[in-house]
Each structure stands twice: as C-alpha cells, then as structure tokens.
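Here's the structure, in structure tokens; my notes come after.
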Protein chains: 2
Amino acid sequence: MTVDDAPGFAARGSARDLLRLVATGAAESRADLARLSGLSPSTVSQRVETLIGDGWLREVGEGKSRGGRRPRHLEIPGDGGVIGAIDLGAHHARVATLDLSGHVIASKSMAVEVHDGPEPVLGKLLAAVTELVGSGTGAALRGIGVGVPGPVEHSAGRIVSPSRMPGWNGFDVYRFCTDRVEVPIAVDNDANLMALGEHRSARADLDHAVYVKAGTGIGAGVISGGQLYRGAQGSAGDISHCRVVSADPAPLCSCGNTGCLEAVASGAALVQALAERGIPVTSPADVMRLVDHGDPHATAIVRSAGRYIGEILSVVVNFFNPQAVFIGGLLADCEPLLASMRASLYERCLPLATQTLLIERLSTGVDAGILGAAQLIIDRIIES
Amino acid sequence: MTVDDAPGFAARGSARDLLRLVATGAAESRADLARLSGLSPSTVSQRVETLIGDGWLREVGEGKSRGGRRPRHLEIPGDGGVIGAIDLGAHHARVATLDLSGHVIASKSMAVEVHDGPEPVLGKLLAAVTELVGSGTGAALRGIGVGVPGPVEHSAGRIVSPSRMPGWNGFDVYRFCTDRVEVPIAVDNDANLMALGEHRSARADLDHAVYVKAGTGIGAGVISGGQLYRGAQGSAGDISHCRVVSADPAPLCSCGNTGCLEAVASGAALVQALAERGIPVTSPADVMRLVDHGDPHATAIVRSAGRYIGEILSVVVNFFNPQAVFIGGLLADCEPLLASMRASLYERCLPLATQTLLIERLSTGVDAGILGAAQLIIDRIIES
DNA sequence: CCCTCTTCCTCCAGCAATCGAACGAAGTTC
DNA sequence: GAACTTCGTTCGATTGCTGGAGGAAGAGGG
C-alpha cells in the first residue's frame with residue numbers, strides 16, 4: 001500500500017555484491033562502490049581493505065579525475081586463481097576456465113555421450129579441465145562447477161532419477177569429483193546454471209525471471225528475489241514432463257508418460273519426429289540446419305515446438321509473474337521457434353502479466369552454463 | 001554441496017516474529033521465545049520489554065514450573081485494539097473483527113453482489129465492520145484489511161482489469177476506504193489473503209506453498225521463502241485464465257478466450273454447465289448440495305473440475321516445487337473434487353516433486369481470508 | 001600563483017543490535 | 001537443607017554500520 005513496500009532491490013552490500021560490481025565493470029573505485037551499493041564510503045573502504053587483504057581485489061593505478069582527486073582503480077587480480085567449469089549436455093560438453101571475476105579465460109567444446117555412463121564421461125571432462133588449467137598462466141585452481149542435464153539434489157551433489165541420463169541415477173557427482181580433484185566442487189542442474197550465468201552476467205537487475213533451456217532436453221531455471229530458486233526438493237523449474245498434448249495418439253516420453261513437453265518439443269523429440277517421416281536427421285543440430293535452409297517440414301515442427309513451450313510457459317508466467325523469460329539452448333537460435341513461443345505466450349497470458357514482460361534469447365549464448373558454474377564456485381569460496 | 005546451504009528457516013527474531021509466536025500459542029514466556037526464535041535470552045528480554053511498553057504484549061501471572069523458577073506468562077492484550085477484516089466474494093462477503101493476535105472476535109457473513117459496483121458494496125461492508133467494532137468491547141479500531149476477488153495492484157490498493165468484477169476496473173479501493181475511515185487500510189487479492197491467513201495461522205513452518213481458492217472464480221496465492229510472493233506486477237498466482245482444454249468446443253470465458261480454467265472449473269462455470277443440461281441450480285452452493293445428495297451429473301462435473309485444476313497445478317508444482325498445495329473456497333469442501341485433483345497431480349508431476357508433497361484442504365476454512373486480512377494490517381502497524 | 005571548490009578516501013567517535021557470561025530469583029528433588 | 005534446574009536480568013564486549021571531520025589530490029578562476 002502506497003507507502004512502505006519493500007524497495008525491490010535486494011540488499012546490496014555484501015562482500016559478494018561489491019566484488020560483482022567490480023567484476024561486471026559497473027564500479028572501478030571505492031567511490032563507485034559506495035554510490036552503487038548504497039553503503040557509506042567508510043564502510044566500503046573497510047570492506048575493500050579486507051577484500052584486498054584476502055586477495056580478492058587489487059589496487060591498480062588511478063583513474064581520470066572528475067573535477068577532484070583521482071579515484072584509485074580497483075580490479076580483480078588475474079593471478080588470484082582460476083575456476084573450472086563443466087557444462088554437460090546430452091551429446092556434447094563445454095569445459096572452461098574462468099578468472100575470479102567470472103570471465104572466461106579459455107573454453108572448449110567436446111563431443112561426449114551422456115549414456116556412456118558417469119565415470120568415463122566425468123573422468124574425461126575433469127581431465128579436460130585440468131588440461132585447460134595447466135595450459136593457462138599457472139594460477140591455482142580454486143574450484144570446479146559442474147552442470148548436468150538432469151535433476152540434481154544440489155545440497156548433496158547427487159543425481160536423482162534423470163530421464164535422459166541412463167546409468168546416472170543416484171550417482172554422486174560431488175563425491176566422484178572431490179575424490180579426484182582437491183578443490184571445492186559444486187554440482188547443479190544445467191538449466192539452473194544457465195539461469196545463474198545469464199542473470200549474474202547480463203541482467204542482474206531482474207528480481208524475478210525464468211530461463212528456459214531448450215536443447216536435446218527441456219528444462220528451466222528460476223530466479224526469484226534476485227536469487228536462484230530451487231524449491232523444496234531442488235527440482236524447481238523442471239517443466240520437462242508437463243503434459244502439453246492431451247489428444248491421442250500422444251508421443252510416448254522416456255519417463256513413461258505421454259505427451260510430455262520433452263516428448264514433443266525437445267531437440268530429441270524433433271529429431272525423432274522428422275526421422276519418422278523419413279527425413280535424415282540424427283541430431284538437433286541437423287534439425288536447426290534444415291530450418292536454416294528453409295525446409296518446410298523442419299520449420300513446421302519447430303514452430304509447433306515453440307507453441308508447446310509457450311503453452312506451458314503461459315501457465316508459468318501467469319503463476320509466477322516474472323519480469324522476463326529468456327530462452328537458451330540449441331533450439332533458441334531458431335527464429336520460428338522463438339516467434340511461435342512468443343505468440344503463444346501473448347495469446348494465453350494475462351495482459352497484466354505480459355504488458356512489460358521481456359521475452360528474449362539469452363545474451364550470453366552458449367557460455368551461460370559455464371558462467372553460471374563459475375558463479376556457483378565464486379559464491380562458495382568468497383566467504384572465507 | 002553438502003555443507004553450508006541456507007538453513008531454510010526464515011530469519012526469525014523480529015518483533016513481528018516474537019509476537020506471532022505468542023499469538024499462535026507457540027510461546028508463553030520469554031524462555032519459550034528464546035528457544036523458538038534462536039535469539040539469546042537477553043535479546044528476547046529487551047525486545048519483550050519494548051513490546052510491553054508499546055502495548056503489544058502484557059505480563060499475566062505465572063506458569064507452571066518445569067523444575068525451576070516459574071516462567072512469567074506473556075499474552076497479547078485483548079484491549080489493545082481490534083482489526084477489521086473484509087473478505088469479498090462474488091456473491092457474498094465475510095466481515096470480521098479480530099484482536100491483535102489475529103484471532104477472530106466476531107464475524108458475519110452477508111449477501112452482496114459484486115456487480116452492484118464498488119461504492120454501494122464497499123460502503124455496505126465498511127458499515128458492517130464499524131458496526132461489529134461498535135458492538136465489541138470498545139477497543140479502538142487499528143486498521144482494516146480488505147480482500148477482493150480480482151487482481152489488485154497491492155502497492156496502490158487499486159483494482160486492475162478484473163474479469164469477474166464489472167464496474168470495478170481501475171477502482172481505487174484504498175482511497176475509497178481511507179476517505180471514509182481514518183485507520184490504515186490494506187487491500188489485496190482474496191486468494192493472496194487466503195494464503196497469508198492459512199500460512200500464518202496454521203502452517204507457518206512451510207517455506208514454499210501454493211494455496212488455491214476455488215469458489216465462484218479460481219485463484220491462487222503463493223508463499224515463497226515464508227513470505228507472500230506477489231511477482232513483478234503483483235499478479236502472481238493468477239491461474240484463472242490458463243488454458244486447460246484444447247479440445248473443441250471449448251467453453252468461452254469472460255475474458256474472451258476459450259477453455260480458461262475459470263471457464264471450465266470455477267463455481268460459476270459449474271453452475272452454467274449444469275443449468276445448460278436443464279438442472280436447476282443458480283449458485284455454486286446449489287452444486288455442492290447436489291453433490292452431497294449424490295447427483296451423478298453434478299458429481300461428474302465436479303470431478304472433471306478437480307481434474308482440470310490438477311492439470312494446471314501439475315505444471316505449477318513441477319515448476320515451483322512447493323512443499324504443499326492447499327485448496328480452499330466453496331468447492332474445496334467437495335471430496336470428489338479434491339480426489340480427482342490429487343489423482344491428476346500425482347499422475348502428471350515428477351515423482352521427486354510429489355514424494356513429500358502435501359495436498360490438503362485449508363485447515364482454517366472460510367476464515368482464512370479474514371485471518372489473512374488481519375495479518376496484512378498487523379504487518380503494517382507493528383513496526384512503529 | 002593562490003584561493004576556492006570538488007572529488008576521493010580514511011580516521012574516529014558513536015549508534016544499534018546482539019551475544020555471552022555472570023548472577024539473582026524462584027522452585028524442585030532427594 | 002544442599003544441590004541442581006529453570007527463568008529472567010544486568011553488564012560489558014563485539015560486530016556492522018554510519019556520519020562527520022579532515023587529509024590528499026586535483027580542477028578552475030582570477
């Protein structure tokens with residue numbers, strides 16, 4: 001009512017927040033930090049002092065005067081350590097090293113098959129990360145963030161009943177990694193990491209947003225109150241098995257139900273549907289290529305996928321009333337899909353919920369997942 | 001990762017929280033408060049002192065010894081003031097007075113028709129509240145909480161594009177009330193207030209829960225992180241116009257779309273559907289009576305309503321992953337509806353999301369709305 | 001060149017919230 | 001009646017922050 005509603009800004013001012021302001025380039029000096037964080041100059045000064053003492057920040061030269069004393073530039077030291085990131089997909093993975101400000105130093109995509117099972121896949125990826133670290137400047141590895149394409153019990157780092165990861169059920173990714181590498185490990189769902197990465201790196205001003213990952217599978221990550229929202233069991237955002245087609249004959253899903261979103265709109269589903277019509281595709285990337293070449297069947301099927309995703313998202317948008325919906329993953333690059341998803345959302349949501357709703361592609365693209373993985377580690381190691 | 005995830009408890013310890021512990025009967029002494037709030041005994045003592053000074057608490061006699069010194073009982077004074085509450089429905093309203101601990105002193109149901117327009121309806125209800133206050137102990141009125149069956153811009157107290165409240169669009173309920181009564185006024189959606197009331201009064205331990213109100217219309221309130229979640233525009237929880245039936249011919253909704261949840265599962269929709277089959281019903285209450293009497297048509301239609309609600313809720317549960325789903329409103333008393341809603345949820349949700357999910361009727365019943373209205377006012381006036 | 005004004009940053013006193021430890025008050029138990 | 005519990009208060013100590021004074025360093029005007 002009128003007066004004293006919560007200000008909407010999350011409480012900015014923790015050591016993490018100050019660091020992020022420097023990392024994103026929003027602040028370059030103590031004065032900047034004071035202005036942006038709302039803290040008093042004295043508080044900022046003393047916080048910065050401890051951050052410098054702990055190696056999180058460094059003074060480096062001076063900036064331009066704005067009519068008075070020159071500000072002393074702050075930056076996050078490049079030699080303060082590197083963070084490893086793994087973003088595992090169904091058919092390929094992306095590994096990277098990032099600096100403490102969350103910027104990518106080196107990255108690499110590689111073909112892996114999730115159904116080869118956890119040990120060989122994770123072993124290969126950990127090796128790739130250590131190789132990237134080794135070929136770098138020699139800065140110490142501070143931790144590794146891991147994203148996997150299935151439900152993760154985040155607090156334990158274990159995989160729980162994934163439908164697209166045969167052989168991974170109950171596998172303890174956290175333990176597997178900590179047994180092999182002696183640094184902090186954080187494991188989460190790929191969609192959650194995508195959400196975290198895009199949010200922190202591109203639109204940290206949003207309080208409530210939904211990030212849909214449409215690749216071989218379909219998932220979503222949720223930001224609520226400026227933070228990653230996980231829900232009661234940590235499965236929040238998992239819209240892959242929402243039923244979208246009630247008519248028979250509805251496609252059978254790997255989860256045993258029929259008409260799941262994943263069974264009609266995921267990359268895997270599109271491949272299967274086209275293959276059944278005799279069109280030779282073996283991967284979602286093939287489908288995207290066909291669409292780019294103007295193949296009518298592929299375009300039609302991609303359009304309907306967008307409609308289906310929009311159908312489920314319309315419920316999500318009405319219920320959650322976010323400020324923005326982002327779409328990422330392989331299928332996000334496909335204009336027809338985005339268009340039909342938008343149409344479906346605008347058609348079926350409350351006008352109140354869509355009047356200022358942003359519906360966009362990820363701005364961080366394929367890097368979102370590894371950016372999020374790094375953020376997870378930064379959050380972990382920054383306090384103490 | 002294993003270790004330092006957030007504790008899940010919301011920060012307990014504000015003056016509000018202490019008061020609530022006393023109000024709900026969970027704590028009766030300073031020692032209880034210290035144990036339950038996690039604060040140190042000294043902090044509790046001094047907080048309690050100021051609360052007593054401000055008239056929010058009172059010492060009253062001593063309790064039984066538990067092997068040592070007897071605790072001094074604390075209670076919320078009955079003469080500290082009363083709170084007015086209005087819970088407006090489409091065809092009837094409930095007004096009440098409550099004490100500062102949020103317990104109902106007196107309540108009254110009355111027939112009103114929302115389509116008579118805002119001035120006459122609100123005028124009548126405000127009069128009813130002041131009458132209830134007048135017939136009480138003479139304690140001062142501290143504020144009035146108002147719930148209305150449509151979207152409310154909570155920060156302004158104004159109604160925005162309600163589909164079931166002709167003539168109310170844009171009406172400033174807040175101003176109308178403050179112009180007539182010189183006490184704090186708080187306005188919110190009826191489903192939000194139902195959620196707030198049930199959560200605070202019955203299950204304040206839940207962090208994430210969804211409260212569905214199924215009456216003449218259909219709405220939902222959301223608790224996230226122990227707090228009422230409103231979303232970006234304040235329309236969170238509004239699932240009434242989610243499309244649920246893709247088959248033709250889908251019923252036309254008052255919003256102009258077809259197949260909305262409200263058009264197939266609300267009380268109004270059930271009345272219309274039965275009337276079209278020549279069964280003489282004029283209100284949702286009639287439908288409930290028919291179901292109680294075992295009328296097969298009414299039971300069948302109520303079952304399908306439960307299934308439709310469950311269908312939308314399954315998306316909500318997958319996405320939001322709450323600990324509990326509660327159902328309230330007139331239709332909630334109907335066992336077949338609850339049963340088919342449960343079936344639909346269990347069938348279509350991730351096992352992970354439903355394995356510990358509570359699906360229940362409101363425990364505070366018809367009072368939930370006025371309980372929530374009082375909580376809104378308590379929140380407003382308690383600080384200062 | 002000097003004086004004034006601005007900006008950046010630090011130092012210091014002080015406030016507010018909380019805690020821990022010590023202690024007094026009041027009871028129970030054996 | 002001595003020992004042990006429980007309840008509540010008092011009294012520093014700590015923590016986190018703020019505001020103000022003021023020093024450092026520069027811009028600009030006469």
Side-chain angles (χ1 to χ4, degrees), chain A residues 4 7 9-22 25-54 56-76 382-384, chain B residues 4 7 9-22 25-54 56-76 382-384:
Chain A
D4 55 359
F9 292 133
R12 310 261 151 104
S14 72
R16 239 207 298 269
D17 294 326
L18 294 188
L19 219 47
R20 197 168 311 137
L21 286 170
V22 177
E28 296 192 316
S29 66
R30 294 168 176 80
D32 287 347
L33 286 173
R35 273 188 294 267
L36 293 171
S37 69
L39 294 173
S40 71
S42 36
T43 309
V44 169
S45 247
Q46 94 187 20
R47 261 222 217 301
V48 165
E49 196 176 357
T50 76
L51 283 172
I52 289 177
D54 293 350
W56 284 104
L57 276 180
R58 184 166 58 186
E59 269 188 4
V60 47
E62 298 188 328
K64 259 217 306 247
S65 165
R66 305 197 305 169
R69 175 177 175 174
R70 281 193 292 254
R72 284 187 259 165
H73 265 187
L74 299 172
E75 67 166 28
I76 295 179
I382 194 163
E383 323 279 6
S384 105
Chain B
D4 56 359
F9 291 133
R12 311 262 150 108
S14 72
R16 236 204 305 263
D17 293 325
L18 294 188
L19 221 46
R20 196 169 309 139
L21 287 169
V22 177
E28 297 191 315
S29 67
R30 292 168 178 78
D32 287 348
L33 286 173
R35 274 188 294 268
L36 293 170
S37 69
L39 293 175
S40 71
S42 39
T43 309
V44 169
S45 247
Q46 97 187 19
R47 258 220 218 304
V48 165
E49 195 175 358
T50 75
L51 283 172
I52 289 177
D54 293 350
W56 283 104
L57 276 179
R58 184 165 58 188
E59 268 189 3
V60 47
E62 298 189 329
K64 260 216 301 244
S65 164
R66 303 196 307 168
R69 174 178 173 175
R70 281 193 291 254
R72 282 189 259 164
H73 264 187
L74 298 171
E75 67 166 29
I76 295 179
I382 194 164
E383 323 278 7
S384 105

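Below, read A as the first sequence line, B as the second, and so on, with proteins coming before strands; counting in each chain starts at 1. Computed from a predicted structure; not experimentally measured.
Here C:dC8 presents its P atom at 14 Å from CD of A:Glu59, a figure rounded to the nearest Å. We find that CG of A:Leu39 is positioned 15 Å from C1' of C:dC9, with the value rounded to whole Å. A:Leu36 has its CG atom 12 Å from the P atom of C:dC8, to the nearest Å. Summarising the geometry, the separation between CG on A:Leu51 and C1' on C:dC9 is reported as 16 Å, rounded to the nearest angstrom. Computed from coordinates, the A:Gln46 CD to D:dT15 C1' distance equals 10 Å when rounded to whole Å. Across the protein-nucleic acid pair, A:Glu49 atom CD and C:dC11 atom C1' stand 11 Å apart, rounded to whole Å. Between A:Leu18 atom CG and D:dC17 atom C1' there is a gap of 13 Å when expressed in whole angstrom units. Rounded to an integer number of Å, the gap from B:Leu33 CG to D:dC7 P is 12 Å.
The heavy-atom pair separating A:Leu18 from A:Ser37 by the smallest distance is CD2-CB, 3.8 Å. In this structure, B:Leu36 and B:Ala26 approach most closely via the heavy-atom pair CD1-O, 3.4 Å.
Among residues two or more places apart in sequence or in another chain, the salt bridge (Lys or Arg N to Asp or Glu O under 4.0 Å) test is passed with A:Arg66 by none. Residues satisfying the salt bridge (Lys or Arg N to Asp or Glu O under 4.0 Å) criterion with A:Arg58, sequence neighbours excluded, are A:Glu75, A:Asp79. The salt bridge (Lys or Arg N to Asp or Glu O under 4.0 Å) check on A:Glu59 picks up A:Arg30, A:Arg72, with sequence neighbours excluded.
Within the structure, salt bridge (Lys or Arg N to Asp or Glu O under 4.0 Å) contacts touching residues 32-46 of chain B (residues at least two apart or in different chains) are B:Asp32-B:Arg35.
Looking only at side-chain heavy atoms (C-beta outward), A:Leu39 and A:Arg47 come within less than 4.5 Å of each other.
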Extract from the structure each pairing of a protein N or O with an N or O of nucleotides 20-23 of chain C at less than 3.5 Å, listing the distance.
{"from": "C:dG20", "atom 1": "O6", "to": "B:Ser42", "atom 2": "OG", "distance (Å)": "3.0"}

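The environment of B:Glu49 atom CD is sparse: at most 12 non-hydrogen atoms of other residues, nucleotides or ligands sit within 6.0 angstrom.
The only option from A:Leu19, A:Ile76, A:Thr50, A:Val22 that meets the side chain to side chain contact (heavy atoms under 4.5 Å, CB included) definition with A:Trp56 turns out to be A:Leu19.
Neither OP1 nor OP2 of D:dG16 sits under 4.0 Å from any side-chain N or O of A:Arg47.
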Mark up nucleotides 25-30 of chain C, 5' to 3', with B wherever a protein heavy atom is under 4.0 angstrom from a base atom, S wherever such an atom reaches only the sugar-phosphate, and - elsewhere. BBBS--
